[in-house]
2 protein chains.
Amino acid sequence: MPDSSSQPAKKPSRIQLRNRKRILDAALEVFSRDGFRGATLDQIAAEAGLSKPNILYYFDGKEDIHVTLLNAQLDTWLDPMLALDAKGDPLTEILAYVQRKLDMARQFPRESRLFAGEILRGASFMAPYLRRDFQPLFEAKCALVQDWMDSGRLQACDPQHLMFSIWATTQHYADFAAQIEILQADKPKAGSGASAYLRQLFTGLLKV
Amino acid sequence: MPDSSSQPAKKPSRIQLRNRKRILDAALEVFSRDGFRGATLDQIAAEAGLSKPNILYYFDGKEDIHVTLLNAQLDTWLDPMLALDAKGDPLTEILAYVQRKLDMARQFPRESRLFAGEILRGASFMAPYLRRDFQPLFEAKCALVQDWMDSGRLQACDPQHLMFSIWATTQHYADFAAQIEILQADKPKAGSGASAYLRQLFTGLLKV
DNA sequence: TCGTGTATTTACCAAATGGTAAAATAAATA
DNA sequence: TATTTATTTTACCATTTGGTAAATACACGA
C-alpha cells in the first residue's frame with residue numbers, strides 16, 4: 001500500500017503517480033466548490049473516475065487528501081510575491097506583482113477559491129502553513145516596500161494594507177467570478193479590462 | 001404550525017418571533033462558517049439552544065432556513081450602494097460609499113462571509129436574487145459614476161471594475177479576517193488603518 | 001508462463017444527517 | 001377552570017457518509 005503520508009515510500013509507480021494526481025485534481029474541484037465539510041469522498045471518487053475504496057487506497061482519508069492538496073498548492077500560490085525584486089524599479093515591480101496575481105487568479109481559479117474558502121471558514125487547516133511560510137514572506141516584502149517608500153521611490157502608504165488590497169482586487173476575479181458573470185451578463189467587453197484598471201488604480205496610489 | 005414559507009400566516013406570536021430569530025441567528029453563524037452543504041441542522045439547533053425537531057417546527061427544512069436567511073440579509077447588504085447620491089459631490093460620495101462598505105464588513109462579518117461563501121461556491125442560491133435586485137442597482141450606479149466621469153468631475157476609469165475593487169477591498173477585511181489576524185499577529189496597530197488607506201487608494205484613482 | 005506484489009472491486013459497517021409521527025407539555029382563550 | 005391551540009420532546013427512520021475487510025483482477029519481472 002502506498003499510504004500517502006508515510007515517508008519511506010519506495011518508488012511511486014506510474015499508476016500510483018497518475019491516480020494520485022487524478023484524485024488531487026478531483027479533490028481540488030470538489031473542495032474548492034463545497035469546502036472540506038461540504039465535500040464528500042463519493043463526489044471526489046466520481047470526479048476522479050475511481051471507486052471510493054480505491055481512493056482510500058491512495059490516501060489515508062478525506063483529511064489526508066485535503067492537507068496534501070493544500071500543501072501542494074501553497075508554494076505556487078506564494079511565488080508571485082516571492083518574485084518581488086528589491087533591485088527592480090519599485091513601481092514596475094509592484095505593478096508586475098499585481099499582474100502576476102491577476103494572471104494566477106485567471107489561470108487557477110479553483111486554487112484561488114480553495115484557499116479563499118479555507119480562510120473564509122477560519123483557516124483551521126491553513127493556519128500552520130500561513131504562519132510557517134506566508135507570514136515571514138509577508139513581513140519581508142512589507143519591509144521592502146517600506147524601504148522603497150522611505151527612500152522616496154514610491155508614494156508613502158501602509159504596506160500591509162497595500163498588500164491586502166492587491167490580493168483582494170486580484171483574487172476577486174476568481175473568488176467572485178459567479179457574481180461578476182451575473183452582473184456583466186449583458187455587457188459586451190466582459191472579463192477584460194481588469195488588468196488596465198488595476199494598473200491605473202495602483203499607479204494612482206504609488207506614483208511619486 | 002407556523003410553516004415559514006406559507007404566506008397566509010395569521011399573526012406570529014411572541015414565541016414564534018423570538019425563536020425564528022434565534023434560529024436565523026444560529027444559522028447565520030453556522031452557514032457563514034461551513035456553507036450550506038457543510039452546515040448541519042444539529043449544529044444550528046445546538047447554536048440556537050433548541051432541539052432539531054423544534055427548529056423544523058419553525059422552518060420547512062434546512063434549505064428553507066438558508067433561503068430565508070439570504071433573503072433577510074440581502075436588502076441590508078445593498079443599502080450602502082443604494083445610498084450613492086447623484087446630487088452629492090462625486091468623490092465624496094464614492095469615498096463615503098467605501099467607508100459604508102468597510103463599516104458593514106466590520107460590523108457584520110458573518111453576513112459578509114455568508115454571501116462570500118455563497119458566491120464562492122457558484123451562487124446557486126443567490127443567483128436569482130442577484131439578478132433581480134443587485135444587477136439593476138449595479139447597472140444604475142455604474143451609469144451614475146460614468147456620468148460623473150463624462151462630466152469631468154471624476155477621473156475616468158472603468159466604473160464596473162471600480163465597483164469590483166471597492167467590494168473586494170472592503171469585504172476583504174471580513175472575509176479574510178483569519179488570514180489578516182495571522183499576518184498581523186505581532187504588529188501593534190492591528191486592525192486599524194484600513195479606512196485611511198482605502199481613502200488614499202481611491203482618492204489617488206479618482207481625483208481629477 | 002508463472003508467481004508475487006500491486007491495484008481494484010465487492011460487500012459491508014457504524015456514525016451522522018435530514019426529516020417525521022406522535023405523544024406530552026405549555027399557553028392562550030372561552 | 002376547562003378546553004382548545006400552540007409549542008416542545010421523545011422516539012424513530014431512511015439515506016448518506018467516512019471508512020474497512022477481504023476477495024478478486026491486474027501488471028510485471030524471473
Side-chain angles (χ1 to χ4, degrees), chain A residues 1-6 8-27 29-31 33-70 121 124-125, chain B residues 1-6 8-27 29-31 33-70 121 124-125:
Chain A
M1 334 139 173
D3 232 13
S4 74
S5 50
S6 329
K10 308 293 165 62
K11 298 171 186 176
S13 72
R14 249 164 296 123
I15 292 178
Q16 243 175 88
L17 244 33
R18 172 173 56 85
N19 280 353
R20 280 182 65 94
K21 202 160 63 181
R22 272 190 192 174
I23 292 167
L24 286 176
D25 193 63
E29 187 72 28
V30 175
F31 280 133
R33 195 196 307 131
D34 290 323
F36 180 73
R37 290 219 51 184
T40 71
L41 287 178
D42 292 287
Q43 279 178 283
I44 296 173
E47 184 79 32
L50 299 170
S51 69
K52 182 167 60 175
N54 203 12
I55 75 173
L56 289 169
Y57 171 74
Y58 290 102
F59 289 90
D60 285 342
K62 188 181 176 183
E63 190 167 326
D64 184 29
I65 301 176
H66 190 241
V67 168
T68 303
L69 184 61
L70 291 177
R121 56 187 74 94
S124 47
F125 288 100
Chain B
M1 332 141 172
D3 233 13
S4 76
S5 51
S6 329
K10 309 293 165 60
K11 298 171 186 174
S13 73
R14 249 164 297 122
I15 293 179
Q16 242 175 91
L17 243 33
R18 172 174 55 87
N19 281 352
R20 281 181 65 94
K21 202 161 62 180
R22 273 190 193 173
I23 292 168
L24 287 176
D25 193 63
E29 187 72 30
V30 175
F31 281 133
R33 195 197 305 130
D34 291 322
F36 180 73
R37 292 220 50 186
T40 72
L41 287 177
D42 292 285
Q43 279 178 284
I44 296 172
E47 184 80 29
L50 299 170
S51 69
K52 182 167 62 175
N54 202 12
I55 74 173
L56 289 169
Y57 171 73
Y58 289 102
F59 289 91
D60 285 343
K62 188 181 175 183
E63 189 166 327
D64 184 28
I65 301 175
H66 189 241
V67 168
T68 303
L69 184 61
L70 291 178
R121 56 189 74 95
S124 48
F125 288 101

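For the numbers below, each heavy atom of this structure counts, side chains included, while hydrogens, waters and symmetry mates do not.
Nucleotide C:dA11 holds its C1' atom 16 Å from the CG atom of A:N54, rounded to whole Å. For B:R20 and D:dA6, the CZ to C1' distance is 15 Å, given to the nearest whole Å. With rounding to whole Å, A:L41 atom CG is found 8 Å from D:dG19 atom C1'. Whole-Å rounding puts the B:L17 CG to C:dA27 C1' distance at 16 Å. Between B:R14 atom CZ and C:dA27 atom C1' there is a gap of 10 Å when expressed in whole angstrom units. One interatomic measurement links the two molecules: NZ of A:K62 to C1' of D:dT20, which rounds to 18 Å at whole-angstrom precision. What separates CD1 of A:I65 from P of D:dG18 is a distance of 10 Å, to the nearest Å. The separation between B:K52 atom NZ and C:dT20 atom P is 11 Å, rounded to whole Å.
In this structure, the side chains of B:K21 and B:L17 stay at 4.5 Å or more apart for every pair of heavy atoms. The shortest side-chain heavy-atom distance between B:R37 and B:R121 does not fall under the 4.5 Å cut-off. Proximity of B:I65 to B:F31: side-chain heavy atoms (C-beta onward) are separated by under 4.5 Å at one or more points.
OP1 or OP2 of C:dA7 lies within a sub-4.0 Å distance of a side-chain N or O belonging to A:Y57. Put simply, B:R37 has a side-chain N or O that comes within less than 4.0 Å of OP1 or OP2 on D:dT17. Of the side-chain N and O atoms in A:N19, one or more sit less than 4.0 angstrom from OP1 or OP2 of C:dT8. Look at B:Q16 and you'll find a side-chain N or O under 4.0 angstrom from OP1 or OP2 of D:dT7. For B:S51, no side-chain nitrogen or oxygen approaches OP1 or OP2 of D:dT8 to under 4.0 Å. The side chain of B:Y58 contributes an N or O atom lying less than 4.0 Å from OP1 or OP2 of D:dT8.
Residue A:L56 places its side chain closer to D:dT20 than to any other of D:dT20, D:dG18, C:dG19. Taking every side-chain heavy atom of B:P53 into account, D:dT10 is the closest of D:dT10, D:dG18, C:dT10.
Contact annotation for A:A39: backbone-only contact, meaning every heavy-atom pair under 4.0 Å involves sugar-phosphate atoms and none involves a base. No contact: A:R18 has no heavy atom under 4.0 Å from any strand. Within 4.0 Å of A:T40, counting heavy atoms only, lie sugar-phosphate atoms of the nucleic acid but no base atom.
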Residues B:E29, B:D25; criterion side-chain contact (heavy atoms from CB on, under 4.5 Å); working and verdict: CA-CA 6 Å; B:E29 187 72 30; B:D25 193 63; 6.0 Å; no

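Contact detail for B:A45 and B:S51: the closest heavy-atom pair is CB-C, 4.0 Å.
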